[in-house]
Amino acid sequence: MNKKRKLITFDWAIKRLLRSKANFGILEGFLSELLKEDITILDIQDSEKYQGCRTHNFNCIDLKVRNHKQEIIIIEIQYDREYDYLQRIFYGVSKTAIEHMEDSKPYAGITKVISINILYFDLGSGSDYIYKGTTRFIGLHNHDLLELNEKQKQLFKKDSVESLYPEYYLIKINRFNDIAKDTLDEWIYFLKNEEIKESFTAKGLKEAEEKLSIMKLPEEEQKAYEHYKDDLHYQASMFESSFGDGYNEGESVGIEKGIEIGIEQGIEQGIEQTTKTIALKLIQQGASSEVVAAVTGLSIIAIEHLISAKQ
């Protein structure tokens, strides 16, 4: 029987522990297993500038890495719950690519961006737990794949058109069945269960087991971690219940006016309720009206109405 130790969640580790160069090996192991090549982290940057990444519950970071070909790649890791998450991925990658492009440099110098999204909610419809997205150009008539010519290969130092464009990885943690068939699955098992089995051999996991033990945290950090976990469960419940309530209410309206209209109204009501709940939570924690407005997008007047209603 495999011995298991309860560990810190990966998102907490990214926020508090993995930004230190001494702990880069853990993230490098995860990235190397996912991308199937050796990855070396050069730098970690916050991405708090992205809309939706401003509260302590959301996680958006940029990693500047080098692969085994000595190519420099910007990797964006996101951890979140949002209705319009697919559009947010597009926004984040586009902004990252632009912000890392040097002034007066030709377009050939655009840095490759890889978006890795660790999802603890079900996004879209699909039975798999890992999805990869790339950009390919297919002929409408001959159905052939557009390729780089020899001069372009020399200019870009790439072999294919899709290698020039961003890559997207969606890891749907809750879809994983807890059966680790390879080393990448071992990482996903850890992401889902916060445990590492003694038999696991994936890169970075042994280091994670050593450094991410809850019991090794100082007492104050342990209390902060437990508070964070409670808050995360609360936010997840609000997301699910608000979406469900809005969806169900909208569906009943749809019986009279059309199912499509009803569902749309339900989703809008769910989003509105979730936004108000998050605003109240921030107010209770002492955040100013300006901060609440920046995080939620609500107007100052709307926030003042919430405060008045609460009193």
Side-chain angles (χ1 to χ4, degrees), residues 2-47 59-80 96 111-120 128-133 163 166-217 221 225:
N2 284 307
K3 180 182 177 183
K4 294 180 288 187
R5 181 191 303 173
K6 202 67 175 174
L7 303 175
I8 302 162
T9 57
F10 193 58
D11 56 299
W12 173 270
I14 286 177
K15 294 172 187 298
R16 295 295 187 99
L17 303 176
L18 300 185
R19 299 175 187 276
S20 166
K21 287 188 177 181
N23 296 327
F24 277 6
I26 298 173
L27 272 178
E28 287 172 348
F30 168 63
L31 296 173
S32 297
E33 296 290 0
L34 177 64
L35 304 178
K36 306 302 182 186
E37 60 177 333
D38 290 334
I39 295 295
T40 301
I41 295 175
L42 303 177
D43 189 26
I44 295 183
Q45 300 174 337
D46 288 321
S47 299
N59 207 16
C60 310
I61 64 170
D62 283 347
L63 305 175
K64 186 176 182 180
V65 308
R66 180 186 291 118
N67 65 8
H68 74 285
K69 298 177 183 177
Q70 300 304 303
E71 298 170 324
I72 302 300
I73 301 172
I74 300 298
I75 294 180
E76 180 189 53
I77 295 183
Q78 301 195 33
Y79 168 98
D80 208 346
T96 298
T111 304
K112 174 72 172 283
V113 178
I114 299 176
S115 176
I116 298 171
N117 302 272
I118 303 172
L119 310 176
Y120 288 83
D128 209 325
Y129 54 95
I130 305 177
Y131 288 87
K132 179 181 178 180
S163 64
E167 295 178 13
Y168 304 85
Y169 289 86
L170 305 178
I171 304 175
K172 301 168 69 172
I173 300 300
N174 294 339
R175 283 283 181 180
F176 181 57
N177 63 5
D178 289 345
I179 300 175
K181 297 178 181 178
D182 55 30
T183 50
L184 177 56
D185 280 356
E186 292 176 1
W187 259 102
I188 296 174
Y189 182 95
F190 162 59
L191 295 178
K192 180 180 178 181
N193 299 294
E194 295 123 49
E195 296 174 346
I196 296 174
K197 293 185 178 182
E198 201 172 54
S199 59
F200 286 178
T201 60
K203 294 179 180 179
L205 280 186
K206 293 300 181 185
E207 190 172 351
E209 185 177 31
E210 175 64 26
K211 295 186 177 182
L212 303 187
S213 172
I214 295 174
M215 299 306 296
K216 289 190 175 183
L217 290 176
E221 281 287 284
Y225 176 69

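Reckoned from all heavy atoms, side chains included, excluding hydrogens, waters and symmetry mates.
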Identified side chain to side chain contact (heavy atoms under 4.5 Å, CB included) partner of E28 from the options I41, L18, N23 |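 So, applying the side chain to side chain contact (heavy atoms under 4.5 Å, CB included) to E28 and each of I41, L18, N23, only I41 qualifies.
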
Do the non-hydrogen side-chain atoms of [X] and [Y] ever get within less than 4.5 Å of each other?
{"X": "I118", "Y": "I173", "result": "yes"}
{"X": "I73", "Y": "L35", "result": "no"}
{"X": "T40", "Y": "F24", "result": "no"}
{"X": "L212", "Y": "I196", "result": "no"}
{"X": "I44", "Y": "L27", "result": "yes"}
{"X": "L42", "Y": "I72", "result": "yes"}
{"X": "L31", "Y": "L63", "result": "yes"}

Minimum heavy-atom separation for [X] and [Y], please, with both atom names.
{"X": "D128", "Y": "K172", "answer": "O-CD, 4.0 Å"}
{"X": "K192", "Y": "N174", "answer": "NZ-O, 4.2 Å"}
{"X": "I39", "Y": "S32", "answer": "N-OG, 3.0 Å"}
{"X": "I26", "Y": "E207", "answer": "CG1-CG, 3.8 Å"}

Measure from the side-chain N and O atoms of [X] to the backbone N and O of [Y], and report whether any donor-acceptor pair falls under 3.5 Å.
{"X": "K203", "Y": "E33", "value": "no"}
{"X": "N117", "Y": "L170", "value": "no"}
{"X": "E186", "Y": "T201", "value": "yes"}
{"X": "K211", "Y": "A22", "value": "yes"}
{"X": "D62", "Y": "E76", "value": "no"}

Quick one: pull up CZ in R66 and NZ in K64 and give me the separation to the nearest 0.5 Å.
->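 If I round to the nearest 0.5 Å, the distance is 9.0 Å.
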
Quick one: pull up CG in N177 and CD1 in I188 and give me the separation to the nearest 0.5 Å.
->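 Answer rounded to 0.5 Å: 10.0 Å.
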
For K36, does the NZ atom have more than 12 heavy-atom neighbours from other residues, nucleotides or ligands under 6.0 Å away?
->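 Yes, because the 6.0 Å sphere around NZ of K36 holds more than 12 heavy atoms from other groups.
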
Near K206 NZ, under 6.0 Å, is it more than 12 heavy atoms from other residues, nucleotides or ligands?
->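 It does: K206 NZ has more than 12 such atoms within range.
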
How about F190 and F30: are their ring centroids closer than 6.0 Å?
->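 That pair fails the under 6.0 Å test.
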
Please walk me through it: do I116 and I171 pass side chain to side chain contact (heavy atoms under 4.5 Å, CB included)?
-> CA-CA 8 Å; I116 298 171; I171 304 175; 4.3 Å; yes

So among F10, F176, Y129, which one has a ring pair (Phe, Tyr, Trp, His ring centres under 6.0 Å) with W187?
->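 Filter result, single survivor: F10.
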
